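Okay, structure first, notes after.
Treat the numbers as computed from the prediction; the structure is a model and nothing was measured. Heads up: numbering here begins at 1 and tracks the sequence.
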Amino acid sequence: MKKLLISILFLYNSGLAFAQSVKEEKLPPPSATEDWSVKPPLVTPGESYPQPPSDAILLYSGTGDAAKWEHPNGSPVKWQSDGDALTIVPKATDIRTKQKFGNIQLHLEWRTPDPSEDKDFNRGNSGVLIMGLYELQIYESWNYNSRIYYNGQAGSVYKQHAPLVNAARKPQTWQTYDVIFEAPIFRADKTLEKPAYMTVFHNNVLILNHVELKGPMVYQGYPKYQYHDAKLPLQLQEHGSRVSFRNIWVREL
Ligand code: MG
C-alpha cells in the first residue's frame with residue numbers, strides 16, 4: 001500500500017513537472033525560422049491581367065464590393081475604397097470576407113506603394129491570409145535592397161516556403177496572384193487527417209508547386225495545426241504599408 005502511494009505521488013509529481021516544463025517552454029528567436037539558403041532567381045513576367053470567369057464569386061471589383069468585407073471585430077471597412085482599388089489604411093487592422101471558404105481558386109491583384117514611404121524590413125508588407133490563417137506573403141521584392149529572408153519575400157508561404165523564382169514587378173505596379181488552395185482536413189476527433197496545400201502563380205509564373213503547409217502562419221516558433229472549421233473567411237493583412245488590391249475573385253472547388 002505504501003509502495004502504491006509512493007508511486008502515485010511520484011506520478012503526480014512528474015506530471016506537475018511536465019506541466020511546468022510545457023508552460024515554461026521558450027520559443028526560439030524569430031530568426032530561427034528565417035530561410036536565407038537559396039535566393040530565388042529573378043524572372044521577368046509577361047504582361048496580362050485576366051478578367052474573372054463566369055462562375056467566379058467577385059469579392060472586390062469596385063467600391064460597392066467593400067460591403068463584402070469587414071474588420072475582424074465586425075466593423076465596416078475603413079480601408080480606402082475608390083474606383084477599382086482598395087487601399088490599406090495603416091492601423092485600420094486586417095479585413096476579411098463575410099463569406100467563408102474552404103478549397104478555392106483565388107485571383108487577386110496587388111500593388112505596393114512608393115518604397116520611400118515604408119520603413120526598411122516593412123516594404124509593401126501585407127499578405128493574403130487564406131482561411132485567416134495561412135499566409136501567402138505580399139512584399140516589395142522587385143528590388144533586392146529591400147532585403148528579407150527568402151521565405152518572407154513576395155510569393156512565400158510566410159516562414160514556410162520560399163518561392164521557386166522571384167517574378168515580382170516594380171513597386172507601384174499591379175501584380176497578380178493566382179492561387180489553388182486545398183484546405184486541411186481534420187478527423188472527427190479533431191486531429192489532422194490531411195494538411196493544407198498551396199499552388200501559386202505570381203504574375204502568371206509558377207512560384208509554389210503544391211507545397212504542403214506546416215500549419216497556420218506564426219512569426220515566432222514553429223507552425224502546427226490546430227483544429228478549425230472547414231470554411232473560414234479570406235483575410236487581407238494590414239501591416240502598416242499602404243498596399244492596394246483590385247480584381248479579387250474566387251471559385252469554390
Ligand atoms: Mg505579411
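Sorted by first and then second residue, the side chain to side chain donor-acceptor pair (under 3.5 Å) pairs with a member in residues 213-227 form an empty list; sequence neighbours excluded. Applying the salt bridge (charged side-chain N to carboxylate O under 4.0 Å, His left out) test to every pair with at least one member in residues 97-106, sequence neighbours left out, gives no pairs at all.
Partners of Asp65 according to the salt bridge (charged side-chain N to carboxylate O under 4.0 Å, His left out) rule, which considers only residues two or more places apart in sequence or in another chain, are Lys68. Tyr134 pairs by the ring pair (Phe, Tyr, Trp, His ring centres under 6.0 Å) definition with Phe181, His228, not counting sequence neighbours. Remark: Tyr177 engages no residue in a side-chain hydrogen bond (donor to acceptor under 3.5 Å, both in side chains) (not counting sequence neighbours). For Glu238, the side-chain hydrogen bond (donor to acceptor under 3.5 Å, both in side chains) test picks out no residue, with sequence neighbours left out. The side-chain hydrogen bond (donor to acceptor under 3.5 Å, both in side chains) search around Asn204 returns Ser48, not counting sequence neighbours. With sequence neighbours excluded, the residues forming a side-chain hydrogen bond (donor to acceptor under 3.5 Å, both in side chains) with Gln175 are His202, Asn203, listed by chain and number. In this structure Pro53 satisfies the side chain to side chain contact (heavy atoms under 4.5 Å, CB included) test together with Asp55, Ala56, Trp249, Arg251, sequence neighbours excluded.
The hydrophobic cluster containing Val218, built from Ile/Leu/Val/Met/Phe/Trp/Tyr side-chain heavy atoms closer than 4.5 Å, comprises no other residue. With side-chain heavy atoms closer than 4.5 Å counting as contact, directly or through intermediates, the hydrophobic cluster containing Trp174 also holds Tyr49.
Heavy-atom neighbours of Arg169 CZ from other residues, nucleotides or ligands within 6.0 Å: above the threshold of 12.
Ionic pairing of Lys194 and Glu182 is present here: one or more N-O contacts between side-chain nitrogen and carboxylate oxygen are shorter than 4.0 angstrom. Between Lys231 and Glu252, at least one side-chain nitrogen of the basic residue sits less than 4.0 Å from a carboxylate oxygen of the acidic one, meeting the salt-bridge criterion.
At least one side-chain heavy atom of Pro223 sits less than 4.5 Å from a side-chain heavy atom of Gln160.
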>> Working note: Leu59 + Val250, criterion side chain to side chain contact (heavy atoms under 4.5 Å, CB included); need CA distance, chi angles, decisive distance, verdict.
In response: CA-CA 7 Å; Leu59 293 176; Val250 297; 3.7 Å; yes
List, one per line, each side-chain donor-acceptor pair under 3.5 Å for residues 83-91, sequence neighbours excluded.
unit_1, atom_1, unit_2, atom_2, d
Thr87, OG1, Ser244, OG, 2.7

